[in-house]
Amino acid sequence: MSSSTALPKSLPMVCAELGRRAAQALSDKFPAHPALPIELPLLPASKPEFGDLQVNACLQLAKPLGQKPRELAQLVEAALKTHPAVAKTEIAGPGYVNVHLTDEFVSGCLHELASDPHHGIEQLHRGKSVVVDYSSPNIAKPMHIGHIRSTIIGAALQRIFAAVGYRVIADNHLGDWGTQFGKLIVAYRNWLDEAAFARDPIGELVRLYQKFVTDEKAQADALSLARPAKADDDDEDDAVAEVTPLLAAARAELAKLQKGDPENLALWKRFVTVSLAEFDKTYARLGVAFDTVYGESHFHPRLASLVAELLASGIAEESRGAVICNVDGAPAPLLIRKADGSFLYGTTDLATIEQRVRDYQPERILYVVGTPQQLHFQQVFFVARKMGCRCSLEHISFGSMRFKDKDGNYTTGSTRKGNVPLLDEYLDLATERAAEVARQKSADLSEAELSEVARVVGIGAIKYSDLSRDRQQDIHFDLDKALALDGNTAPYMQYAYARLRSIARKAQAEGFQTADAVTLVEPAERRLGRRLLDYATVVETTARTARPHHLCEYLFDLAGVVSTFYTELPVLKAEPAVRASRLALLALVAKTLRHGLALLGIEVPERM
Ligand code: ARG
């Protein structure tokens, strides 16, 4: 084994080199065979005793190459074992090649990692842009806990994409032009409580909206009109043919607004302004910042001409007075203009794609929106592709969020029914509960430190309990579980970080040195060092799949590996040279945890 060749500096680099060597070895034997890739995949070993990496491609290649898997594995093994980063190889089972990397290579990578501003993450997507459309609430209603998923997942993806090199454009596509404004205008004119509006504008708008809904329902009942039984707070009134006087009035006000009536426009501006001020406070609490906030209203001026162009190009057609776009494979066409001449949610989405493509030439556009809108995006994406959009359009869907109501039953709630906890109230509640826990656990913290820990842990717990689950799952949100100090929770991760920092402070107070390079001797050290090298790949996978739980799983596992490390090996009590190396290793773990949690939008306390 020679170490004169330069060692690669990261795990992704060594995987690429080994993968090409392995492929080369096979193509030397089977020149230009169509089944052979240019690089064989190197996967993480499934158990520590199998080494660090594994090639399992020989099993799949055996058939097309007409060989026994183990014979191919021998060729691959011979090529890999001479690589300078490789300590040992072996053929296992039906034809796996296990690869053990040298300690020298692993500690060299750790050394690189310590000073790399990108924390080992390859900037593979530099020069490309991605648009993340998230949060995007319908305004003039408060943000309730149901909005939290889009906001939290979207903000995490925004940071994760930036970490792998993308230029990220985070856009809050506000629903600021929907049918709720017709209702609000009617309610505001009839029932406004000026004093209440001055005190708590959003609260008063919500009261007005709810009063409209209740009164309108009472009218419908009195007239025995049927209403679609919808639990969510989407505006379904379009489906209603026979209307109450209140709904008719709301539709008339909406039409006036959309035609530019100055009085209605002024009211609308007022609703938008007070709503945004309220949202911005919540976004600040969550540490969320958008690059652009083009609401649906921004696109209104483009809609008439867009529909005309789609008709002219044959992408759209008239149908019973309305304009629709047929969508192959979908159960229904996309409606882009109603018979009364008004435009729809989907029309706006098409205009939005057009602007995004023109302004940013993105490689991907992601919509972080709940699963119920799947059909909508299927339709919109199909039509956008027909319009010539070549970028990857992705619906980043997520399951529903249920929470306990006053009677302890899980529900998704509804703004209409007024039984949804407001997001802000939930953040308050989590912070208060975190303060109680902190008071019991960390009696030595000052009042100021306690309240900071409570904020970081409370908000972190809400975020992490969402991000740590596959986004497509429905969530039954349980504050007690989210705040538990053990298990895959934010407090556990934050505590793991705070413990590392506490060791570093003690070492500093004693004047102990931290080594420049890590020496890997004991298995627990080797295992921790090796696991740190997976970070870059995990972040890349998380970005590719847009599934933040991959990152959570990794960080949780890393915290587990470090806690085993403590139980097996002394740190502050070790020999000076060993201690210095272990302090360096633990500093790197702390840096990785902090970096990863920051990508998820979760802050860490220095003490807990
Ligand atoms: N405002 C919509 C809602 O609350 C979500 C918008 C998502 N983004 C989009 N471009 N359609 O349901």
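Just so you know, ligand 1 is whichever comes first in the structure, and atom 1 is the first atom listed for that ligand. Not measured: the values here are computed from a predicted model.
- Once rounded to the nearest 0.5 Å, the distance linking OG of Ser129 with OH of Tyr166 reads 9.5 Å.
- Distances from atom 8 (N) of ligand 1 to the heavy atoms of Thr352, Asp133, Ile353, Val131 show the closest one on Asp133.
- Residue-ligand proximity: Phe377 is placed with a non-hydrogen atom under 4.0 Å from ligand 1.
- Every atom of ligand 1 with a heavy atom of Asn138 under 4.0 Å away is listed here by number and element: 1 (N), 2 (C), 3 (C), 4 (O).
- Taking any N or O of Arg356, backbone or side chain, none lies under 3.5 Å from an N or O belonging to ligand 1.
- Each of the following atoms of ligand 1 lies closer than 4.0 Å to a heavy atom of Val369: 7 (C).
- Ring centers of His595 and Tyr535: under 6.0 Å apart, within the cut-off.
- Side-chain contact between Tyr283 and Phe290 is present, with heavy atoms from C-beta onward closer than 4.5 Å.
- Short contacts between ligand 1 and His173, defined as distances under 4.0 Å to a heavy atom of the residue, involve ligand atoms 8 (N), 9 (C), 10 (N).
- When non-hydrogen atoms are compared, ligand 1 lies under 4.0 Å from neither the backbone nor the side chain of Leu174.
- A side-chain N or O of Gln373 and one of Tyr345 form a donor-acceptor pair less than 3.5 Å apart.
- Listed by number with element, the atoms of ligand 1 under 4.0 Å from a non-hydrogen atom of Gln373 are 3 (C), 12 (O).
- Remark: Gln472 CD is packed, more than 12 non-hydrogen atoms of other residues, nucleotides or ligands lying under 6.0 Å away.
- Among the atoms of Tyr367, none of the N or O lies under 3.5 angstrom from an N or O of ligand 1.
- By the 30° and 60° cut-offs, the orientation of the rings of His300 relative to Trp177 is tilted.
- Residue Lys217 forms a side chain to side chain donor-acceptor pair (under 3.5 Å) with just one option from Thr214, Asp215, Asp221, and that option is Asp221.
- The shortest N/O to N/O separation between Glu296 and ligand 1 does not fall below 3.5 Å.
- With Tyr345, Trp177, Tyr294 as candidates, the residue nearest to atom 6 (C) of ligand 1 on a non-hydrogen basis is Tyr345.
- Panel note: side chain Asp176, backbone Ser297; a donor-acceptor pair is recorded below 3.5 Å.
- Not a single heavy atom of His147 lies less than 4.0 angstrom from ligand 1.
- Short contacts between ligand 1 and Asp349, defined as distances under 4.0 Å to a heavy atom of the residue, involve ligand atoms 9 (C), 10 (N), 11 (N).
- Residues Asp474 and Met401 fail the side-chain proximity criterion, which asks for heavy atoms closer than 4.5 Å.
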